[in-house]
Chemist: 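Starting off with a structure, shown below.
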Amino acid sequence: MSKDSVLILGARSDIGLAVAHKFASLGHPIQLAARNVETLKPNRADITTRYKVDVTLHEFDALQPDSFAGFVDSLPKLPLIAVCAVGFMGEQSQNEQDLAASSLVMRSNYEGPAGILAELANRFETRGSGTLVGISSVAGLRGRATNYVYGSAKAGFTAFLSGLRNRLAKKGVHVVTVLPGFVATQMTENLDLPEWLTAQPMEVAEKIATAVERGKNVIYVRSIWWLIMTIICNIPENIFKRLKL
Amino acid sequence: MMLSGWGRFPVIYAPVVDRPRSEAELTAAQAKGGVIARGNGRAYGDSAVSRRGTIDMRHFNRMISFDAETGILVAESGVMLADVITSFLPRGWFPLVTPGTKFVTLGGMIAADVHGKNHHRDGSMSAALEWVDVMDQSGQVHRASRTQNPELFDWVPGSMGLTGIILRAAIRLQSVETGWIRQTTIPAKNLAEAMEIFETSDDSPYSVAWIDCLKGGANRGRSLVMLGEHASGDMLGAQENDDRYALRPKRKKSVAFDFPGFAMSGPLVKAFNALYYRAGLRKAGDNLVDWDSYFYPLDAILNWNRVYGRRGFLQFQCALPLDASKAGLEALLEAISEAGAGSFLAVLKRFGEQSSKFSFPMLGYTLALDFPATSKNLRLLEQLDRITIAHGGRFYLAKDARMTAQTLIESDPRVARFVAQRQDSGASETFQSSQSERLAI
């Protein structure tokens, strides 16, 4: 009866935690991976108390690619599902001026997430089963003046996920790309976001669980974002470059 | 931002809203002074709004432990009651005390010392409380229980968050065999009959009456008294047994817009009441109801507060001592039916003894009503205040949005001691709500 484990990378984030709660509520044991993972002990107690599933904590730093192989080896069991909720937005104005800052955004949103999923992908491929979920962003669909550093890293991650899905499609491993629009999290707490465009973390988690179950490829959280992004992506570049978006 | 309680009246400009995620952030937020903690905003009036600083506690939403031997749950105060049910009903546990909505936080339940349909037997929230951790004005956390800091433990429930910020608590759940309630509906032609039913059904775990407060004359106070008990496994039919804890999701409805003002006018409510009473007569007798429909009928209609339109609505809930209940209720019902004011949801219930120092319930009866927030109804409510006070009754602060300080003092001799306690402990400067300012407590 015991179900397979779900690994959450970037488990401190509001979305990561919501996904952990969702899969735990379905009876899956949970592996929480984050930096300073000890601080997630109260969350471990919370999830165990609520859902009576095993929760383990694993130190993980997305900026240390050398540690990825060892990290996966150290897991009590290779998970069936891995969800990557690692991400960092930074400040666009700073990212424009400061190479170190923009490099950190690129590594946090592209290099790290792609690297760890690549490591897991190879093991899943050997096993011949599993699902990888990458939380990317609609910001990666077209670069805009207000957040193109973050957006470009997410664009890279989205392309990586697409290629990985293509490669593993015949190997029994599935890849889900998640493109949330606005989500009410700590990252966006101080932004004034329109309510009808803003999803709650649990909404994202529910969509991910459904996508994993049904083997969906690319999902939006609120479908209005598909419409918005279709319009944005179809504006001719000559006009687009003059717009304030 | 503009903040209000569930009744959407009054709406208050509250420029400072903090959403702390740690005790350190919470300490910083409360150091500003004049603050009040807010849970899910289900108190009807301005109990959980402060112009100087409102602290949203919903990030403190982790459960800490559960003891399956004793049924004691330890959790942070921002945990939602709905989540407690989702987690523990499948394991055979249900809250010992629950208000009429599951969309409340544990902190809010303790602060208001909520009561449920089992108050006559099990008491209010404080009876289900084992201990509580409260942060004082200096940021220090005190654990209070019946044996440790018993004085504080006795003050916190019912104090509307004015004795400090509730951080976490241990609450007792009750063991249940199923998620179904065996409900018995008994029609009562008038108030005397309804009270007679309450007095003779003391051993029924749950009891509450829907009361038609527009009906005058010999049928004044006609009611449907609904008794209930947790159904045991052998009471279930095949269909219920198939969903033993009644956890299968039901369709939620939502009120998508504000109703126009006439929707809750006297004649329409009168017609609704007549239909509802007749439907109740047909259903009289025993039937099995799932826990969600039984305890939380209005939760199935998300945003039901919008049926009262943009102006919001007022709640009135008083408790009357047992010996004055009959006369007091007669007088209240007379005033309401004369005013012809439509109360969609009028509830009558028998209370047991008061549980903690500043707790609302008292041995006797409680009447709860709601009205659109109009100036005419504000005057009616003042009239109901007078009647309540004349009969030795008092008011539920979780529902109050407009009482005066004078009314509160006249109704409740405990107020002076409460104010003194707040001053002596030093809590009064730091913890204030729009309601505490208005009521001078």
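Reminder, nothing fancy here: chain letters follow the sequence lines and each chain counts from 1. Fair warning: this is a prediction, and the values are worked out from it, not measured in the lab.
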Chemist: Might you point out which heavy atoms bring B:Ile64 and A:Ala45 nearest each other, and give the distance in Å?
Modeler: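 The answer is O-CB, 3.7 Å.
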
Chemist: Using non-hydrogen atoms only, which part of A:Glu189 is less than 4.5 Å away from chain B: side chain, backbone, both, or neither?
Modeler: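 A:Glu189 touches chain B through side-chain heavy atoms alone.
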
Chemist: Evaluate whether atom NZ of A:Lys52 has more than 12 neighbouring non-hydrogen atoms of other residues, nucleotides or ligands under 6.0 angstrom away.
Modeler: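 Not buried by this count: 12 neighbours or fewer within 6.0 Å.
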
Chemist: Can you give me the closest heavy-atom contact between B:Arg91 and A:Thr49, atom names plus distance?
Modeler: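 That would be NH2-O, 2.8 Å.
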
Chemist: Could you check if a side-chain atom of B:Arg21 sits within less than 4.5 angstrom of a side-chain atom of A:Asp14, using non-hydrogen atoms only?
Modeler: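 Result yes, sub-4.5 Å side-chain heavy-atom pair found.
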
Chemist: State, with a plain yes or no, whether a side-chain heavy atom of B:Thr86 is found less than 4.5 Å away from one of A:Tyr51.
Modeler: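 No, every pair of side-chain atoms sits at 4.5 Å or beyond.
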
Chemist: Compare all side-chain heavy atoms of A:Asp46 with those of B:Val79 and state whether any distance is below 4.5 angstrom.
Modeler: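 They are not in contact (no side-chain heavy atoms under 4.5 Å apart), so the answer is no.
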
Chemist: For A:Asp54, does the CG atom have more than 12 heavy-atom neighbours from other residues, nucleotides or ligands under 6.0 Å away?
Modeler: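 No, CG of A:Asp54 has 12 or fewer neighbouring heavy atoms, counting only those of other groups under 6.0 Å.
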
Chemist: When rounded to the nearest 0.5 angstrom, what distance separates CG in B:Asn61 from NE2 in A:His21?
Modeler: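 Going from the CG atom of B:Asn61 to the NE2 atom of A:His21 covers 7.0 Å.
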
Chemist: Decide if atom CH2 of A:Trp226 counts as having more than 12 heavy atoms of other residues, nucleotides or ligands within a radius under 6.0 Å.
Modeler: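 12 or below, so no.
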
Chemist: So do the side chains of A:Leu17 and B:Arg62 get within less than 4.5 Å of each other, counting heavy atoms only?
Modeler: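 Contact flag for A:Leu17/B:Arg62 side chains = no.
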
Chemist: Report, as yes or no, whether the 6.0 Å neighbourhood of atom CD on B:Gln148 holds more than 12 heavy atoms from other residues, nucleotides or ligands.
Modeler: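 Buried by this count: over 12 neighbours within 6.0 Å.
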
Chemist: For the atom pair CZ (A:Arg50) and CZ (B:Phe66), what is the distance rounded to the nearest 0.5 Å?
Modeler: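 Rounded to the nearest 0.5 Å, the CZ-CZ separation comes to 13.5 Å.
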
